[in-house]
Amino acid sequence: MDYLSTLNEPQYEGVVNTEGPAMIIAGAGSGKTRVLTYRIAYLIKEKGIDPFNILSLTFTNKAAREMRERIERVVGLNARNLWMGTFHSVFARILRSEADRLGYPSNFTIYDSDDSKSLIKTIVKEFGLDDKVYKPNVVLNRISSAKNRLVSWEEYLANPLYEADDAAAQKPEMGRIYKAYCQRCFKANAMDFDDLLFNTNVLFRDHVDVLNKYQHRFKYVLVDEFQDTNVSQYLITKKLSSVSQNIAVVGDDAQSIYAFRGANIENILNFEKDFPDLRVIKLEQNYRSTQNIVKAANSVIARNKGQLKKSVWTANDEGNRIELIKSISDNEEGRFVSSAIFEQKTQNNYQNRDFAVLYRTNSQSRAIEEALRKSGIAYKIYGGLSFYQRKEIKDLMAYLRFAINTADEQSFRRIINLPKRGIGTTSVEKMVVAAFEHDIPLWEVLTNIQAFLPGRAANAVEQFVTLVKSFQISIETKDAYEAASHIAKNSGLLKELYADKTVEGLNRYENVQELLNAIKEFVDTPDVEDKSLGAFLQDIALLTDADNEDPEDTDFVSLMTIHSSKGLEFKNVFVVGLEEDLFPSQMMMSSRADLEEERRLFYVAITRAQENLYFSYALSRYRFGRLINCEPSRFIEEVDPSFIFVNTRYGSREPQLGRREGPPGVTSNFARNLMASKKAVPKKPPQYHKPSADFRPSDTSNLQEGMKVEHPKFGFGKVHKMDTSGANKKAKVIFEDFGEKTLLLSFAKLRIVE
DNA sequence: TACGCCATGTTTTTT
DNA sequence: ACATGGCGTA
């Protein structure tokens, strides 16, 4: 019981009241993770609950892992059997074991957002739509938000409200794309991130026996970061605990920063309605930060209208004021940060790990990184381009994925001509289309290729099929590591990378080796029972970059976005890039007009700091390679000025727009002349034709000489000659403005005018 | 079909 | 600055 003696009163309440629904509203730094972990420990130790019956949901793998460690410290290895993980990973696991109920195989693939985007891109292309109007990002967001509100494509198409919405947004085909996207995913035996939640809802809705099973199993449900759950997630947890009523949610409405992902503060209000016996506990004492930091944070968040009543306070020392630094450029900002870190380290005995640099967008890491590297300070960048998003890794993963799930269209497209085997886009399209037209699996087309694609490419496809079949055999007979190395070697990927002796090529080769190492590690982990490649892929699909821990060298400065800093704390925190339009983000303001969420983000950034906090902004910054002028963020003025100390040591010079920093030396003159000479060659901007708004490509299979056509870029022209000699039909068209062009009919979008 | 040149767009955050 | 994609050429 000794671990309980360290708790204050509301924390204690939160730990020991394990029965019935509970909502713990926890201010920043009030020890919410501690309450959550002790609550679980209490359930196991004092209440004798089997860890097997406890489900604990978090938002990141990192948070889950940390919590498991902390619980193990109190209850020992007994915590092994806890169901603890992110929403996505826990329900992916459940979906795999119940997949047949939904008509999926249990080895379904999980599409990451890159896969989703490229699938959308091909659909848009196939529909003959303009991908400038139907941008993959925008379309995916729309689909994602529909799924997060549990609107299926059937409901979407049936509801005139969505139709009107899309028509107003000049995107009338959205419903059709949504439908095609879902059908393609299903046919590929794939689920995207949102499907994992959506389909869990479907599973529990349509299969009461399954729901009962898990309701019985999870007698206690705990949810961390409740303010960031979306409707889909909320309904799952609500259903699971509707029998036992033992649900505890922990969150802070002031730290809700994932509305763009469908997070819904209304969940907090709904929760009170759905569970009338709710016990509400407020944790308001902050143990993390100095008084100055807590008060400054309060002065910021007080500007938001829609917050729950809560007053965070601290008994800590007053502490230093927030230092505000203005720099002339992003590079100087980086230099300031690194010298301030250096000064603090030498004067006050801090280590690298006591510092974090937080920014709004990942791209801001570059300037900071450069400065830290120059001054020899160890650092680590979290997020950004993760290991698993690298091209070479995705390539090998695509081979592994395809061998296991031959319906996976995205992986297929990735590897069919990699390394080059003479199977071009045309052949790929034909194969995919054949699978759809005959309503058969893609694999069936591939194995009977002569029937669908007679000709030169067929041989290559047959070889590809033989290759994949041999991979499948090695996957069945060997463990994950041996199978993966076999595939890496025999696919020709390793060979191709090995041949590349550039620094980049070497790096990529090493990355592939690293992936293989990771697989080896997986195989060698004693806990893991299923050592097959399939098991590894399932394990890895939902893992992000947060996994790569370097145990030997742990003393580094942390660089990350504010989003990924949630839940963490550091003695010294730099919030950089406080410029209007960057933070608050222009994008966010114009698309969703949500200043309050940006402000909550600012609040999160401030409350990461324990002892010292720095704000920094630059008067000019590079964007798309161009220097732009910047205004200080409105957020700086929103902090009560009595908490701010303006540091005048830096930033006395004014920015020089349009040229790089530093005195114009030989190099920069040379560079400038080079630029000028390049500019001297006038680039004539091509005056492309603007296709009419209702431009739709026609079926060109019956195109005849003499027909008048419209091309989306070249405008109007007359078909001069048809060339049917080759494998691909071509048409020579004389355009009014561009002269004669030869167009491949399988590619070109042409509208037949008459 | 493969390769190289050039025009174009991109950056908000994450599972 | 950088990646992508279209188009022309071999």
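Note on naming: letters A, B, ... go to the chains in the order of the sequence lines (proteins, then strands), and numbering restarts at 1 for each one.
Look at OH on Tyr258(A): it is 6 Å from P on dT15(B), rounded to the nearest Å. Atom-to-atom, CD1 of Ile540(A) to C1' of dT15(B) comes out at 15 Å; the value is rounded to the nearest Å. As rounded to whole Å, 13 Å separates atom P of dT14(B) from atom CG of Asp114(A). One interatomic measurement links the two molecules: CZ of Arg414(A) to C1' of dT4(C), which rounds to 14 Å at whole-angstrom precision. Atom CD1 of Ile257(A) and atom P of dT12(B) are 16 Å apart (whole Å). Between Glu429(A) atom CD and dT1(B) atom P the separation is 12 Å, expressed in whole Å. Atom pair Gln364(A):CD and dT12(B):P shows a separation of 11 Å (rounding to whole Å applied). The separation between Asp594(A) atom CG and dT13(B) atom P is 17 Å, rounded to whole Å.
Under 4.0 angstrom from either OP1 or OP2 of dT15(B) there lies no side-chain N or O belonging to Asn148(A).
With sequence neighbours excluded, no residue forms a ring pair (Phe, Tyr, Trp, His ring centres under 6.0 Å) with Tyr111(A). For Phe198(A), there are no ring pair (Phe, Tyr, Trp, His ring centres under 6.0 Å) partners, not counting sequence neighbours. Shown here are the side chain to side chain contact (heavy atoms under 4.5 Å, CB included) partners of Asn511(A), two or more places apart in sequence or in another chain: Phe387(A), Arg390(A), Glu392(A), Ile393(A), Glu514(A). Thr561(A) pairs by the side chain to side chain donor-acceptor pair (under 3.5 Å) definition with Ser564(A), not counting sequence neighbours. For Tyr258(A), the ring pair (Phe, Tyr, Trp, His ring centres under 6.0 Å) partners two or more places apart in sequence, or in a different chain, are Phe260(A), His563(A). A search for ring pair (Phe, Tyr, Trp, His ring centres under 6.0 Å) contacts involving Phe91(A) returns nothing, not counting sequence neighbours.
Checking Asp194(A), Thr200(A), Asn148(A), Asn201(A) one by one against Ser232(A), the side-chain hydrogen bond (donor to acceptor under 3.5 Å, both in side chains) holds for a single residue, Asn201(A).
The stretch residues 559-570 of chain A comes close to DNA chain B through Thr561(A), His563(A), Ser564(A), each having a heavy atom under 4.0 Å from the strand.
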Short N/O separations, protein against nucleotides 9-11 of chain B, under 3.5 angstrom:
unit_1: dT10(B); atom_1: OP1; unit_2: Lys135(A); atom_2: NZ; d: 3.2

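Using a 4.0 Å heavy-atom cutoff across all strands shown, Lys121(A) reaches sugar-phosphate atoms only and no base atom. Residue contacts for Asn417(A): at a heavy-atom cut-off of 4.0 Å it reaches the sugar-phosphate backbone alone, with no base atom in range. Phe59(A) comes within contact range of the sugar-phosphate backbone alone, with a heavy-atom separation under 4.0 Å but no base atom that close. Here Thr60(A) lies in heavy-atom contact (under 4.0 Å) with sugar-phosphate atoms only.
Counting heavy atoms from C-beta outward, Ile110(A) and His88(A) have side chains that stay 4.5 Å or more apart.
For Asn362(A), whose side chain is taken as the heavy atoms from C-beta onward, the closest listed nucleotide among dT12(B), dT14(B), dT1(B) is dT14(B). Nearest nucleotide to the side chain of Thr86(A), out of dT15(B), dT13(B), dT1(B): dT15(B).
If you find the closest nucleotide of DNA chain B to Lys420(A) and to Asp194(A), the one lying nearer the 5' end belongs to Lys420(A). Both Leu601(A) and Gly424(A) lie near DNA chain B, and the one whose nearest nucleotide falls closer to the 5' end is Gly424(A).
A donor-acceptor contact under 3.5 angstrom links the side chains of Gln410(A) and Ser118(A), judged on distance only.
Residue pairs meeting the salt bridge (charged side-chain N to carboxylate O under 4.0 Å, His left out) criterion with at least one partner in residues 225-234 of chain A, sequence neighbours excluded, are Lys32(A)-Glu225(A), Glu225(A)-Lys566(A), Asp228(A)-Lys566(A).
Between the side chain of Arg261(A) and the base of dT13(B) there is no donor-acceptor pair of N/O atoms closer than 3.5 Å.
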